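Take a look at the structure below.
Source: prediction; values computed, not measured.
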Amino acid sequence: MELGDGAYVTSIYIGTPARRAQVVLDTGSDLVWQQCRPCTSCFAQRDMPMFDPAGSSSFRRIPCSNGVCQRMLLSISPVSTGGCARAPDASCEFSYMYGDNSMSAGSLGMDTLTLLDPRGQGFVEVQNFVFGCGYTNRGDFAGSDGILGMGQGPLSLASQVDSPSFSYCLTPSPISASSRLLIGEHASAFLHTEQGSQAQMANIMTNKLLPSFYYLNLTAISLSGVQLDIPYKTFSLKANGSGGMIIDSGTTLTYLQQHAYSIVRRSIAQRVGNQLPITRSVFGMDLCFMAADEGLLPTLTLHFNGANMEIPSSTLFLRVGRIHCLAMARTLDLSILGNIHQGNYQILFDRRYKKLSFMQTTCEGGQN
């Protein structure tokens with residue numbers, strides 16, 4: 001994986017012959033999709049030609065009568081739609097809308113998926129892999145070909161390869177070194193190392209109304225070791241499906257419920273504002289400082305019911321020249337732990353036992 005324009009892009013191979021697709025890692029959605037020919041409306045890709053289903057001898061379209069089409073209707077987010085408005089032999093269609101109003105619409109197909117074997121022993125093929133061919137697409141996908149959905153629903157990559165776990169380590173900006181996404185038995189290998197014994201563990205919760213998301217039980221936030229006065233149940237997942245916090249590799253900034261965000265923002269401004277001048281907002285981030293010395297900036301800790309994720313000032317703030325901006329924003333209801341604050345953490349999603357393990361490390365050079 002490599003960081004580009006706030007997203008982490010990795011490569012998979014689809015078709016016969018196998019063709020590389022660069023896709024954005026997204027734990028906040030299920031469907032794996034890429035732009036396909038003939039494209040009605042598409043965004044610019046970085047350097048790969050668009051996938052042409054007619055050029056793959058193993059590609060099969062999925063008709064409305066296929067059970068996969070019905071399963072799609074039961075999975076993923078409420079802003080996605082799919083299914084069959086026409087005859088049973090018509091193609092199974094999908095339309096996917098993301099939180100930033102980017103979207104993809106097209107039809108589902110099956111083909112051979114090829115992944116790298118992490119032991120360096122060639123490749124692993126997954127037959128009849130279901131993915132979306134996007135013919136009408138809109139948005140900024142970091143110059144990639146599409147999305148690699150890793151959510152909890154049945155159409156995600158993790159679900160289709162029947163993997164009990166996956167892990168990643170995101171190299172933070174501005175470091176350009178790559179890192180890896182590991183799927184299956186290799187994903188948890190770091191836990192069996194000396195450093196892995198220091199890993200912390202949080203429960204993964206599932207929202208029946210939004211079953212794709214990986215929810216975490218955030219109970220408190222501390223600033224440089226001092227717990228902030230945020231009501232205990234501010235981030236609770238409510239019975240009606242609202243609230244809560246998810247971990248999402250496809251979202252850049254961290255979003256906090258608006259009341260909690262106001263407390264965090266005010267606390268940082270009070271702590272730092274008398275030492276560093278507050279300056280104009282940058283890229284929508286509304287708390288920015290002129291800071292030549294990062295040592296004056298605080299750290300922040302997220303408390304997950306016993307597990308603590310410390311976010312150092314180097315990733316808590318996004319640097320634009322000499323300006324340092326708090327890489328957070330407010331949200332009305334659902335809080336999101338964005339990828340910028342997952343940097344230099346080895347993170348394991350244990351889908352079988354519903355556990356998230358994480359430890360601070362250095363993700364540079366492909367280390368996992």
Side-chain angles (χ1 to χ4, degrees), residues 99 200-205 207 213-248 251-291 293-319 323-345 347 356 358-360:
Q200 301 192 62
M201 186 180 296
N203 292 326
I204 293 175
M205 301 181 298
N207 183 349
F213 294 150
Y214 297 97
Y215 281 83
L216 302 177
N217 185 20
L218 179 63
T219 57
I221 297 176
S222 294
L223 189 67
S224 294
V226 179
Q227 185 169 320
L228 301 179
D229 188 20
I230 299 173
Y232 179 76
K233 293 189 176 182
T234 297
F235 302 103
S236 295
L237 178 58
K238 300 176 180 61
N240 64 1
S242 64
M245 168 176 263
I246 65 170
I247 178 170
D248 184 8
T251 296
T252 304
L253 302 181
T254 289
Y255 290 83
L256 295 180
Q257 187 271 349
Q258 55 187 355
H259 177 65
Y261 174 80
S262 296
I263 294 174
V264 170
R265 185 191 185 282
R266 182 172 63 249
S267 300
I268 293 176
Q270 289 174 347
R271 178 185 177 90
V272 181
N274 61 343
Q275 303 177 67
L276 300 172
I278 298 177
T279 185
R280 59 183 175 84
S281 63
V282 178
F283 302 135
M285 294 172 284
D286 66 359
L287 182 60
C288 300
F289 303 94
M290 292 293 293
D293 182 8
E294 288 188 0
L296 296 176
L297 299 174
T299 62
L300 184 139
T301 303
L302 303 176
H303 302 284
F304 298 108
N305 200 22
N308 304 314
M309 177 177 282
E310 181 178 317
I311 301 173
S313 60
S314 59
T315 55
L316 179 60
F317 295 86
L318 184 62
R319 183 172 180 176
I323 298 176
H324 292 71
C325 296
L326 176 64
M328 290 184 169
R330 69 181 74 240
T331 182
L332 181 63
D333 185 56
L334 177 65
S335 298
I336 303 172
L337 177 58
N339 62 44
I340 195 169
H341 296 141
Q342 300 174 46
N344 277 342
Y345 268 96
I347 300 178
L356 185 88
F358 55 89
M359 69 175 188
Q360 280 187 303

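- Proximity of a side-chain donor or acceptor of Thr251 to a complementary backbone N or O of Gly338 within less than 3.5 Å is not detected.
- Considering only heavy atoms from C-beta on, Phe358 stays 4.5 Å or farther from Ile247 through its side chain.
- The shortest heavy-atom contact between Arg271 and Pro298 is NE-CB, 3.7 Å.
- A distance of 12.5 Å separates CG in Asp248 from OG in Ser335, rounded to the nearest 0.5 Å.
- Residues Ser267 and Val264 fail the side-chain proximity criterion, which asks for heavy atoms closer than 4.5 Å.
- Residues Asp229 and Ile263 have side chains not in contact (no heavy-atom distance under 4.5 Å, counting atoms from C-beta outward).
- Summarising the geometry of Asn207 relative to Gly241, their closest heavy-atom pair is ND2-O, 2.8 Å, with the distance given to 0.1 Å.
- In this structure, CG on Leu326 lies 5.5 Å from CZ on Phe317, to the nearest 0.5 angstrom.
- Between Pro312 and Thr299, the shortest heavy-atom contact is CA-CG2, 4.0 Å.
- Side-chain contact between Ile336 and Thr331: absent, with no pair of heavy atoms (C-beta onward) separated by less than 4.5 Å.
- With Leu316 as the partner, the side-chain contact (heavy atoms from CB on, under 4.5 Å) test is satisfied by one option alone out of His324, Met328, Glu310: Met328.
- In this structure, CG on Leu318 lies 4.5 Å from CD1 on Ile340, to the nearest 0.5 angstrom.
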**Message:** Applying side-chain contact (heavy atoms from CB on, under 4.5 Å) to Tyr215 and Leu334, what does each step give before you reach the verdict?
**Reply:** CA-CA 10 Å; Tyr215 281 83; Leu334 177 65; 3.8 Å; yes
**Request:** Apply side-chain contact (heavy atoms from CB on, under 4.5 Å) to the pair Leu218 and Phe304, showing each step before the final yes or no.
**Result:** CA-CA 5 Å; Leu218 179 63; Phe304 298 108; 3.8 Å; yes
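- Under the side-chain contact (heavy atoms from CB on, under 4.5 Å) test applied with Tyr261, the options Thr254, Ile230, Leu256 reduce to a single match, Leu256.
- Separation of atoms CE (Met245) and OG1 (Thr234) is listed at 11.5 Å; rounding is to 0.5 Å.
- Looking at heavy atoms from C-beta onward, Asn217 lies out of side-chain contact with Asn203 at the 4.5 angstrom threshold.
- We find the CG-CD distance between Leu356 and Gln200 to be 11.0 Å, quoted to the nearest 0.5 Å.
- Contact check for Leu300 versus His341: no side-chain heavy atoms found under the 4.5 Å cut-off.
- Within the 3.5 Å criterion, the main-chain N or O of Asp286 finds a donor-acceptor partner in the side chain of Arg265.
- If you take CG on Leu297 and OG on Ser224, they are separated by 9.5 Å, rounding to the nearest 0.5 Å.
- Contact annotation: the side chain of Phe235 approaches that of Ile221 to within less than 4.5 Å [non-hydrogen atoms, C-beta and beyond].
- The side-chain heavy atoms of Leu337 and Gln342, taken from C-beta on, include a pair separated by under 4.5 Å.
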